[in-house]
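Single-structure report; data block below.
Residues: numbered from 1 along the sequence shown.
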Amino acid sequence: MEECISVFDMLKIGVGPSSSHTLGPWRAAERFLEELKDESILDQIKRVKVDLYGSLSLTGKGHATDLSVMLGLSGQDPEYIPVDNIAGIIKTIEDTNEIVLANEYKVPFYFLQDIVFNKEFLPFHANGLKFTAYKADDSEYESTFYSIGGGFVVKEERTNAKIKEEIKCAFPFPIQNAVQLLNYTISENKLISEIVYENEKSMRPEAEIHSELMRIWNTMLECMYIGCHTGGILPGGLNVRRRAFDMHQNLIGLSNYSNPQTWLEEIRKTEVKFRQILKWVSCFALAVNEVNASLGRVVTAPTNGSAGVIPAVLMYYLVIENHNAGEKEIKQFLMVAGEIGSIFKKGSTISAAMGGCQAEIGVSSSMAAAALCELMGGTPAQVLMAAEIAMEHHLGLTCDPIGGLVQIPCIERNTMGAIKAINAAELALETDSKNAKVPLDKVIDTMWQTAKDMNSKYKETSEGGLAIAVNMADC
């Protein structure tokens with residue numbers, strides 16, 4: 001039985017700047033609290049220590065990994081916490097040297113001592129973290145987790161867990177690779193989005209699918225809106241100036257609007273020459289990832305570092321290509337994008353710590369290209385071709401964030417991924433799929449082989465590439 005990954009697994013609402021280094025550790029901390037509750041020992045804990053390993057340690061400060069585990073241990077939910085409250089919660093922990101576990105039990109916590117950055121890598125995955133709880137009787141409870149990209153968190157015994165999950169979750173159209181997906185569209189005479197919708201209906205009511213997809217889109221839209229209306233300097237020490245604000249002002253001028261939806265309508269009235277289209281798409285992508293870099297609320301798509309590509313391309317379709325598009329097209333886009341992302345996760349990786357930036361920007365560009373292609377009238381075979389083209393031209397892309405921050409080159413790379421996605425969709429639409437030379441499954445396999453061959457210093461460790469060619473002093 002195939003692994004069942006929902007659209008809502010691939011597109012998750014959370015807090016920036018990183019899905020693997022922020023959201024994943026946050027979720028791991030939540031799961032650790034659940035274990036303590038299951039063991040009926042949460043009220044017996046007198047101290048907690050967190051050990052970060054590998055990439056989580058090497059770039060953890062820049063990705064706010066230490067802050068995320070504190071927030072997770074405090075019982076905060078990344079999907080719903082008011083982002084304005086984050087700084088105050090962290091400051092209280094640092095000032096009082098105490099943390100309120102699960103928002104219930106206060107224990108001493110010295111964050112400089114109780115969060116340990118270990119440069120060595122654990123064998124199972126590059127992003128490892130271990131929680132140790134010390135009980136009043138001096139015994140200990142330990143639990144190790146791995147943040148494998150996109151906010152997904154597993155334990156080392158995930159193989160057995162996966163088997164159990166497969167038994168519990170049985171889609172009517174289980175999909176492991178692109179060939180299976182294409183075959184379903186042929187045998188059922190359905191679009192890719194329609195196959196995905198049938199799978200989603202096996203897990204939740206149609207009303208919930210609708211409301212959750214629209215909540216995801218509204219979070220994306222609000223994120224773009226906030227990013228386009230916020231100026232200043234990004235936190236972290238690189239002194240990176242936000243660019244979406246100035247670019248947006250130059251594009252829209254004195255237009256009159258009061259909320260994200262009326263803003264979208266005003267953009268539809270603007271000039272649509274080629275240069276303006278490039279600027280708008282770039283502006284949308286920049287806006288999302290500037291919000292992400294400042295610990296704002298974003299949607300993993302499939303990761304936080306690549307969160308700008310999919311909303312930028314969907315927004316492009318809504319404001320440039322089809323002014324009559326609405327909820328139907330939005331849901332269709334998100335379902336196709338989610339399914340393509342899940343195929344990459346099953347066949348390769350969506351973790352930059354495992355595969356470099358090809359696993360994040362490359363995958364997000366592939367997801368967006370496929371989704372756009374279907375909305376533009378592409379056949380299922382052309383949709384998969386669009387996904388293949390987008391990834392083919394991201395193969396080998398390294399992850400080398402300066403200062404370990406999701407800023408340089410990460411923010412700009414979202415603009416490039418979005419533009420490539422649009423181009424890939426157009427190329428696929430103008431091609432007879434029978435003439436395709438590289439199947440999507442082949443490029444996914446090639447991506448994974450490339451990831452395994454890639455030197456670890458180019459996998460989100462900040463030990464190579466731009467991360468060492470350009471230092472903090474240069475910025």
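Expressed to the nearest 0.5 Å, how far CE of Met335 lies from CG of Leu11 amounts to 11.5 Å. Expressed to the nearest 0.5 Å, how far OG of Ser364 lies from CD1 of Ile361 amounts to 4.5 Å. If you take CG on Leu318 and CZ on Phe333, they are separated by 8.5 Å, rounding to the nearest 0.5 Å. Atom SG of Cys283 sits about 12.5 Å away from atom CG of Leu278, to the nearest 0.5 Å. Distance CD1/Ile5 to CD1/Ile343: 9.5 Å, rounded to 0.5 Å. To the nearest 0.5 Å, atom CZ of residue Phe284 and atom CD1 of residue Ile310 are 15.5 Å apart.
A salt bridge is absent between Asp43 and Lys37: the closest approach of a Lys/Arg side-chain nitrogen to an acidic carboxylate oxygen does not fall below 4.0 angstrom. Here Lys331 does not pair with Glu327 in a salt bridge; the nearest charged N to carboxylate O distance is not below 4.0 Å. A salt bridge between Lys345 and Asp9 is absent, with no side-chain N of the basic residue lying under 4.0 Å from a carboxylate O of the acidic one. In this structure, Arg413 pairs ionically with Asp400, as a charged nitrogen and a carboxylate oxygen lie closer than 4.0 Å. Taking the charged nitrogens against the carboxylate oxygens, Asp138 and Lys46 do have a contact shorter than 4.0 Å, which makes a salt bridge. We find that Glu212 and Arg215 are joined by a salt bridge, their nearest charged nitrogen and carboxylate oxygen being less than 4.0 Å apart.
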Extract all donor-acceptor atom pairs below 3.5 Å that involve side chains of residues 104-117 and protein atoms in other chains or at least two apart in sequence.
residue, atom, partner, partner atom, Å
Asp114, OD1, Arg47, NE, 3.3
Asp114, OD1, Arg47, NH2, 3.1
Asp114, OD2, Tyr110, N, 2.8

Distance-only donor-acceptor pairs under 3.5 Å for side chains of residues 94-101, two or more places apart:
residue, atom, partner, partner atom, Å
Asp95, OD2, Lys91, NZ, 2.6
Thr96, OG1, Thr92, O, 2.6
Thr96, OG1, Glu98, N, 3.3

What side-chain donor-acceptor pairs closer than 3.5 Å can you find for residues 63-72, not counting sequence neighbours?
residue, atom, partner, partner atom, Å
His63, ND1, Thr59, O, 2.6
His63, ND1, Thr59, OG1, 3.2
His63, ND1, Gly404, O, 3.0
His63, NE2, Glu460, OE2, 3.2
Thr65, OG1, His21, O, 2.7
Thr65, OG1, Gly60, O, 3.4
Asp66, OD2, Lys61, NZ, 3.2
Ser68, OG, Thr22, O, 3.3
Ser68, OG, Thr65, O, 2.8

For a quick test of your reading: what N or O donor-acceptor pairs under 3.5 Å do the side chains of residues 224-237 make, sequence neighbours left out?
residue, atom, partner, partner atom, Å
His229, ND1, Tyr225, O, 2.6
His229, NE2, Tyr257, OH, 2.5
Thr230, OG1, Ile226, O, 2.6

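Within a 6.0 Å radius of CD in Gln44, other residues, nucleotides and ligands contribute more than 12 heavy atoms. By the neighbour-count criterion of 12 heavy atoms within 6.0 Å, atom NZ of Lys201 is densely surrounded, having more than that number from other residues, nucleotides or ligands. Taking a 6.0 Å sphere around CE of Met214, one finds it holds more than 12 heavy atoms contributed by other residues, nucleotides or ligands.
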Next on the checklist: Determine whether Val50 and Leu73 satisfy the following criterion, side-chain contact (heavy atoms from CB on, under 4.5 Å), listing intermediate values before the conclusion.
Outcome noted: CA-CA 10 Å; Val50 185; Leu73 289 172; 4.0 Å; yes
Checklist entry - Which is it for Lys135 and Glu39 under the salt bridge (charged side-chain N to carboxylate O under 4.0 Å, His left out) test, yes or no, and what are the steps along the way? => result CA-CA 12 Å; Lys135 296 167 62 177; Glu39 296 289 329; over 6 Å; no
Item to check | Residues Ser74, Asn103; criterion side-chain contact (heavy atoms from CB on, under 4.5 Å); working and verdict | outcome: CA-CA 5 Å; Ser74 300; Asn103 205 27; over 6 Å; no
Checklist entry - Checking side-chain contact (heavy atoms from CB on, under 4.5 Å) for the pair Ile402/Gln407: CA distance, chi angles, key distance, verdict? => result CA-CA 8 Å; Ile402 297 173; Gln407 296 183 18; over 6 Å; no
Item to check | Candidate pair Lys49 and Tyr134, rule side-chain contact (heavy atoms from CB on, under 4.5 Å), full reasoning | outcome: CA-CA 8 Å; Lys49 186 179 78 164; Tyr134 299 88; 3.8 Å; yes
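Contact record, Leu295 with Pro17: CD1-CD, 4.1 Å, taken as the closest heavy-atom pair. The two residues Pro78 and Glu30 make their nearest non-hydrogen contact at CD-OE2, 3.7 Å. When all heavy atoms are compared, the tightest approach of Ala293 to Val406 is CB-O, 3.8 Å. Across every non-hydrogen atom of Ile252 and Glu266, the tightest pair is CD1-CB, 4.3 Å. Nearest heavy atom pair, residue Leu52 against residue Leu129, reads CD2-CB, 3.8 Å. Closest approach of Val298 to Val291, counting heavy atoms only: CG1-CG1, 4.3 Å.
Side chains of Ser143 and Lys155: a donor on one and an acceptor on the other come within 3.5 Å. A side-chain N or O of Ser342 and one of Glu339 form a donor-acceptor pair less than 3.5 Å apart. Side-chain polar atoms of Thr303 and Ser306 form a donor-acceptor pair below 3.5 angstrom. Arg242 and Ser294 are linked by a side-chain donor-acceptor pair at a separation below 3.5 angstrom, with hydrogens and angles left out of the test. Side chains of Tyr141 and Glu35: a donor on one and an acceptor on the other come within 3.5 Å. Judged purely by distance below 3.5 Å, without hydrogens or angles, the side chains of Tyr197 and Glu206 pair a donor atom with an acceptor atom.
Considering only heavy atoms from C-beta on, Arg243 comes within 4.5 Å of Glu290 through its side chain. Within the 4.5 Å cutoff, no side-chain heavy atoms of Met315 are placed close to those of Val281. Contact check for Arg204 versus Ser6: side-chain heavy atoms found under the 4.5 Å cut-off. The shortest side-chain heavy-atom distance between Trp263 and Val319 does not fall under the 4.5 Å cut-off. In this structure the side chain of Val443 reaches within 4.5 angstrom of the side chain of Leu395, judged on heavy atoms. Residues Arg297 and Cys223 are not in side-chain contact: their nearest non-hydrogen atoms beyond the backbone lie 4.5 Å or more apart. A heavy-atom distance below 4.5 Å is not found between the side chains of Trp217 and Glu222. The closest side-chain heavy-atom distance from Phe344 to Met447 is below 4.5 Å.
For Phe32, the ring pair (Phe, Tyr, Trp, His ring centres under 6.0 Å) partners are Phe131, not counting sequence neighbours. For Ala387, the side-chain contact (heavy atoms from CB on, under 4.5 Å) criterion is met by Ile340, Ser366, Ala370, Leu440, not counting sequence neighbours.
Just one of Met203, Glu208, Glu200 meets the side chain to side chain contact (heavy atoms under 4.5 Å, CB included) condition when paired with Phe8; it is Glu200. Checking each of Tyr53, Phe124, Phe152 against Tyr146 for a ring-ring contact (aromatic ring centres under 6.0 Å, His included) leaves exactly one that passes, namely Phe124.
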